[in-house]
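Comments concern the structure below.
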Amino acid sequence: MLEHIKKISSLEYRIETDAAIGMNVPVRVFANDDLLKKMINDRTIEQAVNVAMLPGVQKNVVVLPDGHQGYGFPVGGVAAMDYYEGIISPGSVGYDINCGVRLVRTNLTEAQVRPRLEALVAELFATIPAGMSKKEGCIDLSSSELDEVLVRGVPWLADHNYATKDDIRMCEEGGHMEGADPHAVSDVARRRAMPQLGSIGSGNHFLEIQKVDKIYDLEAAKLMGLEEGLVTILIHCGSRGFGHQICKDYLVVCEHSHQKYGIELPDRQLACVPNLSEEGESYKKAMRAAMNYSWCNRQAITHWTRRSFELVFGKSESDLDMKLVYDIAHNSAKVETHRIEGRERKVTVHRKGATRAFPAGSAEIPEKYRRIGQPTFIPGSMGSASWVLLGMSSSLELTFGSTVHGAGRLMSRTAAHKAYNYKQVVEDLQQKGIHLRSTTRYDVVEEAPQVYKDVDIVAEISHRLGIATKVARLVPIGVMKG
DNA sequence: ATGTTC
């Protein structure tokens with residue numbers, strides 16, 4: 001493998017198409033030497049080469065600087081499949097369908113929040129459900145209401161006073177994916193969805209009170225309502241047990257359909273079906289239902305976050321100017337048109353651990369941001385920074401209009417427990433002035449800042465590649481974990 | 001990520 005990796009520049013590597021092993025296209029890896037080494041040490045590069053063998057894959061497979069090994073398809077990977085002749089692959093979207101990040105701004109300063117930080121985190125912790133399999137405190141949905149959430153997304157929540165019109169505008173896709181159909185969703189998935197709407201979950205998911213540490217793009221930051229010293233809230237979570245169950249259900253469907261469609265794969269985890277097959281259409285209907293569920297999940301959490309701030313600071317949401325800056329997801333498959341070998345081609349872009357990062361002028365960007373580019377977010381992990389970036393034109397040429405979604409894991413969960421303990425991690429955070437509350441001790445160790453790569457370097461590489469440029473660096477002051 | 005290994 002190693003001898004096939006060719007260095008193109010200080011930030012790019014390439015593996016040429018090897019037809020003998022079944023590759024259809026090359027692999028482009030955007031990383032520095034250090035990040036590449038880590039991708040070789042786990043199965044990241046090997047998995048990207050496997051993806052390059054999938055039917056209908058176009059142009060090249062992309063590995064982003066935060067790439068690491070995933071289920072079949074690398075996290076931090078992008079692959080575009082021909083809409084007509086290509087496949088759709090649940091494992092290439094990921095188990096946590098439409099997992100994503102949203103940023104809420106406030107007009108509070110760090111100095112105003114610090115004295116009430118513990119009370120604020122306690123109030124958020126008491127109000128917003130978090131942790132594995134949490135059921136209490138979520139939005140109580142009847143079966144028909146669940147259908148509304150799955151079909152309509154955030155606009156349904158707006159009808160029930162959980163979202164403003166502005167929230168809808170500032171959410172990717174307006175918080176609503178066309179083509180969702182609850183009939184494509186199993187009863188098991190429905191049962192998991194009903195009691196979980198409005199919950200953070202566990203693992204690397206969190207809600208964070210932050211301050212804006214540094215601004216890099218004054219004009220963009222101003223438009224987003226971000227100024228150095230102001231307090232923001234970052235919410236990172238996904239579609240909970242619902243998306244997980246849908247992925248699981250359709251991986252089985254795909255495996256059972258391989259013979260029927262004559263699909264042979266280098267890795268069973270890349271189970272897939274033709275995009276326009278009956279099974280492919282069903283998966284997309286269910287996946288889009290999970291996308292709507294995921295946006296609603298983050299919206300419900302936003303609603304309760306605003307209520308908690310109102311209670312603790314004795315001011316209204318509008319007095320605190322708690323506007324949604326933007327919401328963007330990083331696990332999805334979307335139909336897009338990209339210029340490939342000199343012509344426009346309709347493709348299904350699988351982004352797993354990768355966000356859209358469309359340049360200024362794109363119709364998919366809310367009108368407010370259209371002249372500057374698509375806002376994207378990199379969530380950090382507890383002690384580390386998070387980043388606000390802005391999609392740029394190089395993204396269309398290099399990464400199918402995509403950029404990074406996180407720092408990427410450095411060590412396994414098991415390795416984290418061997419290297420660190422809970423007390424030590426919490427003390428480290430306290431020293432940095434970060435107040436933490438969590439439902440379990442396990443996640444705190446497994447998600448310690450030290451177990452991730454350096455998020456600042458990942459943001460810097462995105463910036464230097466010109467796929468998404470730096471707008472603001474955010475640092476945590478209060479963290480709520482699952 | 002995840003009713004933390006159907």
Side-chain angles (χ1 to χ4, degrees), chain A residues 42-44 47 66-77 89-101 129-138 185-207 235-253 255-256 268-269 271 286-287 290-291 293-295 297-298 301 329-333 350-355 379-382 405-417 422 438-448 451-452 481-482:
Chain A
D42 66 16
R43 296 186 60 224
T44 313
Q47 289 185 332
D66 56 339
H68 61 96
Q69 176 184 331
Y71 181 90
F73 188 107
V75 178
S89 153
S92 307
V93 170
Y95 272 95
D96 193 359
I97 297 167
N98 220 42
C99 177
V101 183
M132 177 62 70
S133 183
K134 184 75 182 182
K135 292 176 175 69
E136 285 157 39
C138 292
V185 172
S186 71
D187 288 340
V188 179
R190 287 184 72 85
R191 276 202 297 277
R192 294 183 72 171
M194 296 226 347
Q196 290 193 326
L197 190 66
S199 58
I200 288 174
S202 61
N204 66 355
H205 289 165
F206 62 78
L207 183 154
I235 298 165
H236 177 208
C237 60
S239 49
R240 305 290 282 104
F242 182 58
H244 193 271
Q245 188 64 43
I246 285 170
C247 182
K248 192 171 159 188
D249 289 344
Y250 279 95
L251 281 168
V252 174
V253 170
E255 281 214 37
H256 290 343
R268 274 183 61 179
Q269 295 186 344
M287 175 193 70
M291 292 174 78
Y293 185 91
S294 172
W295 280 313
N297 195 35
R298 291 194 285 279
I301 292 166
H330 47 239
N331 284 356
S332 70
H350 293 70
R351 290 187 184 87
K352 180 176 174 184
T355 81
S381 181
M382 303 201 298
H405 86 302
R409 212 166 239 292
L410 200 56
M411 63 177 85
S412 70
R413 289 169 186 279
T414 319
H417 284 292
Y422 173 77
S438 64
T439 59
T440 73
R441 294 180 164 218
Y442 288 99
D443 281 355
V444 172
V445 176
E446 292 171 9
E447 300 299 326
V451 315
Y452 281 89
K481 280 206 71 68

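Each chain gets a letter, A, B and so on, in the order its sequence line appears, and its residues count up from 1. As the structure is a prediction and not an experimental result, all values here were calculated from the model.
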Between [N] atom [atom2] and [X] atom [atom1], what is the distance in whole Å?
| X | N | atom1 | atom2 | value |
| --- | --- | --- | --- | --- |
| A/Asn297 | B/dT2 | CG | C1' | 14 Å |
| A/Tyr293 | B/dT2 | OH | C1' | 13 Å |
| A/Asp249 | B/dC6 | CG | P | 14 Å |
| A/Ile246 | B/dT2 | CD1 | P | 14 Å |
| A/Gln245 | B/dT4 | CD | P | 12 Å |
| A/Lys248 | B/dT4 | NZ | P | 9 Å |
| A/Arg240 | B/dT2 | CZ | C1' | 8 Å |
| A/Asp96 | B/dT2 | CG | C1' | 9 Å |

Residues forming a side chain to side chain donor-acceptor pair (under 3.5 Å) with A/Thr355, sequence neighbours excluded
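With sequence neighbours excluded, A/Thr355 shows a side chain to side chain donor-acceptor pair (under 3.5 Å) to no residue whatsoever.
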
Determine yes or no for a side-chain-to-main-chain donor-acceptor pair under 3.5 angstrom, with A/Ser381 supplying the side chain and A/Ala448 the backbone.
no

Can you tell me which residue among A/Lys481, A/Arg413, A/His205 is in a side-chain hydrogen bond (donor to acceptor under 3.5 Å, both in side chains) with A/Glu447?
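It is A/Arg413, the one option of A/Lys481, A/Arg413, A/His205 that forms the side-chain hydrogen bond (donor to acceptor under 3.5 Å, both in side chains) with A/Glu447.
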
Answer with base, sugar-phosphate or nothing: what part of the nucleic acid does [X] contact at a heavy-atom distance below 4.0 Å?
| X | result |
| --- | --- |
| A/Gly238 | nothing |
| A/Val188 | base |
| A/Glu446 | nothing |

Go through the structure and list residues passing ring-ring contact (aromatic ring centres under 6.0 Å, His included) with A/Tyr250, not counting sequence neighbours.
A/Tyr283

Presence of A/Ser202 side-chain N/O under 4.0 Å of B/dT2 phosphate oxygens OP1/OP2
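True: A/Ser202 side-chain N/O within range (under 4.0 Å) of B/dT2 OP1/OP2.
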
